[in-house]
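What follows is one structure encoded as structure tokens, with my remarks underneath.
Below, chain A is the first sequence line, B the second, and so on; all start at residue 1. Everything quoted here is computed from the prediction, not taken from an experiment.
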Protein chains: 2
Amino acid sequence: MPTNSPTLKEVAQRAGVHVTTASRALNPATSSLVNPATMRRVQAAARELRYQPNAMARGLKTSRSMSVGVLLPDLTNPLFPPIVRGIEDVLAASGYTTLIANTDNDLERQRTLFDTLRARQVDGVIIATARRDDTLFAEAHQQGLRMVMVNRRVDQSDIPSVTGDDHDGIAMAVRHLIELGHTRIAHVGGPQHTSTGRTRQRAYRQALDDAGIELDPGLLVTAQEFTEAEGATAARAMFESGKRPTAVVAANDMIALGCLDVFAERRMRCPRDISLVGFNDMPFVDRLTPPLSTVHVPHYQIGAEAARMLLERLANPDLPAKSITLPATLVLRESTAAPKV
Amino acid sequence: MPTNSPTLKEVAQRAGVHVTTASRALNPATSSLVNPATMRRVQAAARELRYQPNAMARGLKTSRSMSVGVLLPDLTNPLFPPIVRGIEDVLAASGYTTLIANTDNDLERQRTLFDTLRARQVDGVIIATARRDDTLFAEAHQQGLRMVMVNRRVDQSDIPSVTGDDHDGIAMAVRHLIELGHTRIAHVGGPQHTSTGRTRQRAYRQALDDAGIELDPGLLVTAQEFTEAEGATAARAMFESGKRPTAVVAANDMIALGCLDVFAERRMRCPRDISLVGFNDMPFVDRLTPPLSTVHVPHYQIGAEAARMLLERLANPDLPAKSITLPATLVLRESTAAPKV
DNA sequence: CCTGAGTTTGCAATCGTTTTCCGCCGCTGA
DNA sequence: TCAGCGGCGGAAAACGATTGCAAACTCAGG
């Protein structure tokens with residue numbers, strides 16, 4: 001009486017064949033082994049019964065669950081939905097189901113969720129929560145679990161990854177500000193335990209260096225997390241220590257939001273009094289006041305590419321690990337202007 | 001060599017007991033059947049091997065997958081992530097895994113995804129994509145599939161649902177505008193095949209009626225979808241037909257965004273020239289120009305409540321269907337003002 | 001009419017659990 | 001001393017599919 005889906009056996013009975021034959025008839029890979037006429041009978045029976053193969057039974061036998069896990073910090077951060085869509089769209093096209101887990105940046109929780117995913121026998125994992133020094137994933141990777149990192153990566157490891165071009169993105173942002181005439185350019189960095197936070201900060205230093213501008217250490221602060229609140233805290237600290245940049249490069253858009261809050265607190269108008277560039281081009285930052293200039297990263301593509309890469313490795317386990325970097329582009333809106341003289 | 005997770009059998013061997021005993025020892029519900037000392041031995045063995053029960057094998061045997069499906073229009077719409085988080089948080093606490101599927105408002109796709117979910121033997125489904133006239137779900141519901149609707153519901157059906165208070169929300173919005181002195185109040189409605197679109201539009205008419213304001217049919221337009229583009233199209237049509245409202249109530253924030261675009265096209269400033277109220281209080285609408293006044297709906301709660309309700313019904317299948325309505329609140333920001341005289 | 005190759009089909013084992021049914025063991029009470 | 005009982009643990013059958021192997025059948029060629 002409850003959800004009694006028809007089983008393969010029932011289909012077979014209805015078609016008057018053995019369950020083996022039914023199995024073969026319904027599976028494109030083996031259907032050539034069965035007489036075309038029988039195959040049609042079986043398929044008809046399946047259709048009439050609205051037969052759906054039991055994924056768990058199949059998975060148990062084949063030891064492939066046709067599902068992959070995705071580990072995110074937090075789905076609620078607008079950065080991630082596009083990535084997830086990219087992943088889901090390509091995975092679904094190959095018959096895979098996506099399992100999403102939110103770690104909330106909690107290592108304990110992450111470990112639990114990761115275990116749950118493994119208990120569900122996911123065929124692979126896509127990870128967006130990597131810390132540079134992570135060992136959990138490296139270990140699982142050794143053990144043969146297929147995975148790919150998105151957005152962030154792990155230091156010196158041969159886990160494949162797909163990321164945006166953090167370095168180039170920041171370089172473009174800094175160059176843009178310099179061209180506008182800025183020299184006192186600050187950076188509100190992201191957590192240094194993430195590859196993104198670290199790479200972007202390094203890119204900032206290097207871009208300054210390339211332009212022959214000496215770094216004022218007081219203009220370099222780092223937020224503890226990629227959040228509006230932490231971004232604000234870091235920016236506030238900088239201003240309170242008396243520093244007066246004419247432009248700020250934020251490590252991401254959330255942090256930029258925090259900067260905007262601090263500007264407002266201090267009655268500085270953006271871009272008149274101070275310029276700001278974000279990173280990621282999250283949805284809706286084009287509708288802020290002012291519309292935020294930021295580095296666009298093709299998140300949907302990143303997700304899609306990561307999924308493709310995972311599929312590839314699922315099909316061919318010992319492919320060499322590669323890292324894909326997708327180009328970033330600077331999108332200029334209204335949060336940057338020449339410095340006041 | 002590949003992902004060879006330890007099996008229950010190996011745990012049993014290591015503990016020197018039969019697999020049956022190992023199973024009982026590890027399962028809290030049956031562990032009282034085994035000697036405490038043996039139980040400890042088994043648990044130790046399990047821990048040492050980092051044993052994780054194979055969810056597929058277990059599910060196959062128990063015919064409970066401990067997973068539930070969630071059907072969304074599009075994860076990329078900022079409305080949904082909070083709902084999903086609410087769902088996931090309570091479901092995860094009970095050991096359930098969440099499977100998310102995006103239908104993109106495509107009925108065909110929805111049908112396929114729904115079938116995939118069933119193939120995965122989900123124990124229940126939470127649906128955010130309902131159309132008022134839906135039959136697909138009603139049918140599955142008859143067949144005993146547990147489900148609950150979030151946000152939207154299906155006409156005259158006994159499928160349980162959790163929604164925000166659409167009627168009251170709009171009523172508050174309209175009353176607020178009337179108190180401000182507006183009388184030419186327009187409504188850009190949402191698709192009428194959704195319960196939200198329809199209920200909100202009715203609430204608009206009724207609120208006007210309650211205030212003794214006669215409805216100008218030209219001030220009532222409806223968008224084909226809950227999107228910025230469709231919202232803009234509908235609003236544009238209204239203005240082009242010569243109507244001059246002093247305030248607009250949008251059926252949701254996306255549509256409100258579209259209205260804002262049209263205001264800008266026509267060089268109308270909000271709220272100076274025209275007031276606007278949205279619906280949902282999506283993330284970031286507080287940072288628009290102007291910060292959007294809107295009806296706040298507790299999306300996380302809605303998700304959490306829906307999950308709880310599903311859990312309840314999973315535990316006790318023939319609970320009577322109930323509908324929960326969560327209160328909406330009007331949040332006033334800067335997009336409404338008294339009409340110009 | 002028989003042989004053998006080729007095509008279809010069925011049998012049975014199996015994946016890793018859970019669960020029902022039993023049997024063993026030791027203890028108690030008469 | 002022995003029947004009976006409770007507590008514990010094992011045997012074996014499932015759950016619904018896939019798959020190696022072998023049986024059955026078809027048909028052509030000798």
Side-chain angles (χ1 to χ4, degrees), chain A residues 2-43 45-46 49-67 95 118-123, chain B residues 2-43 45-46 49-67 95 118-123:
Chain A
T3 326
N4 44 2
S5 346
T7 99
L8 189 56
K9 187 152 83 170
E10 304 178 54
V11 173
Q13 268 161 7
R14 180 176 251 260
V17 299
H18 193 263
V19 40
T20 303
T21 310
S23 170
R24 287 196 272 249
L26 262 18
N27 185 334
T30 50
S31 63
S32 60
L33 294 176
V34 16
N35 187 308
T38 355
M39 184 176 103
R40 274 193 298 278
R41 270 212 329 286
V42 174
Q43 288 178 335
L49 259 31
R50 307 195 104 273
Y51 170 73
Q52 285 277 125
N54 181 321
M56 292 191 308
R58 175 189 304 210
L60 178 58
K61 181 61 188 168
T62 61
S63 62
R64 307 193 58 206
S65 64
M66 293 305 279
S67 68
R118 304 192 74 175
R120 296 216 170 250
Q121 313 290 120
V122 292
D123 297 331
Chain B
T3 326
N4 44 1
S5 343
T7 97
L8 190 56
K9 187 152 84 170
E10 304 178 54
V11 173
Q13 268 162 6
R14 180 176 250 259
V17 299
H18 193 265
V19 40
T20 304
T21 310
S23 170
R24 285 197 274 249
L26 262 17
N27 186 334
T30 52
S31 63
S32 60
L33 294 176
V34 16
N35 186 307
T38 340
M39 184 176 102
R40 273 193 298 279
R41 270 215 325 287
V42 174
Q43 287 179 336
L49 259 31
R50 306 196 102 273
Y51 170 72
Q52 286 278 125
N54 182 322
M56 291 191 311
R58 182 198 301 235
L60 178 58
K61 182 62 191 169
T62 61
S63 61
R64 307 193 58 205
S65 64
M66 293 303 281
S67 68
R118 304 194 72 175
R120 297 216 171 249
Q121 313 291 118
V122 292
D123 298 331

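The CE atom of A/Met56 sits 12 Å away from the C1' atom of C/dG16 (whole-angstrom rounding). Here C/dT19 presents its P atom at 9 Å from CZ of B/Arg58, a figure rounded to the nearest Å. Rounded to whole Å, the distance from NE2 on A/His18 to C1' on D/dG16 is 13 Å. In this entry the distance linking CZ of A/Arg64 with P of D/dT19 reads 11 Å, nearest Å. Atom-to-atom, NZ of A/Lys9 to P of C/dG10 comes out at 15 Å; the value is rounded to the nearest Å. The separation between B/Met66 atom CE and D/dC15 atom P is 21 Å, rounded to whole Å. Put simply, CG on A/Leu60 is 14 Å from P on D/dC15, counting in whole angstrom units. Atom CG of A/Asn54 is separated from atom P of D/dA14 by 18 Å (rounded to the nearest Å).
Residue-level contact check: B/Ser23 touches the bases, meaning some heavy atom is under 4.0 Å from a base atom. In this structure, A/Thr38 reaches the sugar-phosphate backbone alone: every heavy-atom distance under 4.0 Å involves primed, P, OP1 or OP2 atoms, never a base.
For the pair B/Thr20 and D/dG10, the criterion of a side-chain N or O lying under 4.0 Å from OP1 or OP2 is not met. OP1 or OP2 of D/dA17 has at least one side-chain nitrogen or oxygen of A/Tyr51 nearer than 4.0 Å. Between B/Thr21 and D/dG10, a side-chain N or O to OP1/OP2 separation shorter than 4.0 Å is present.
Taking 4.5 Å as the limit, some side-chain heavy atom of A/Met56 sits within range of a side-chain heavy atom of B/Ser65. Between B/Gln43 and B/Ser31 the shortest side-chain heavy-atom distance does not fall below 4.5 Å. Put simply, the side chain of A/Val17 does not reach to within 4.5 Å of the side chain of A/Val34, judged on heavy atoms. Under the 4.5 Å side-chain criterion, counting only non-hydrogen atoms from C-beta, A/Ser23 is in contact with A/Leu8.
The nearest pair of heavy atoms linking A/Leu26 to A/Val42 is CD1-CG1, 3.7 Å.
Nucleotides of DNA chain D nearest to A/Leu8 and B/Asn35 differ in position, and the one nearer the 5' end is that of B/Asn35.
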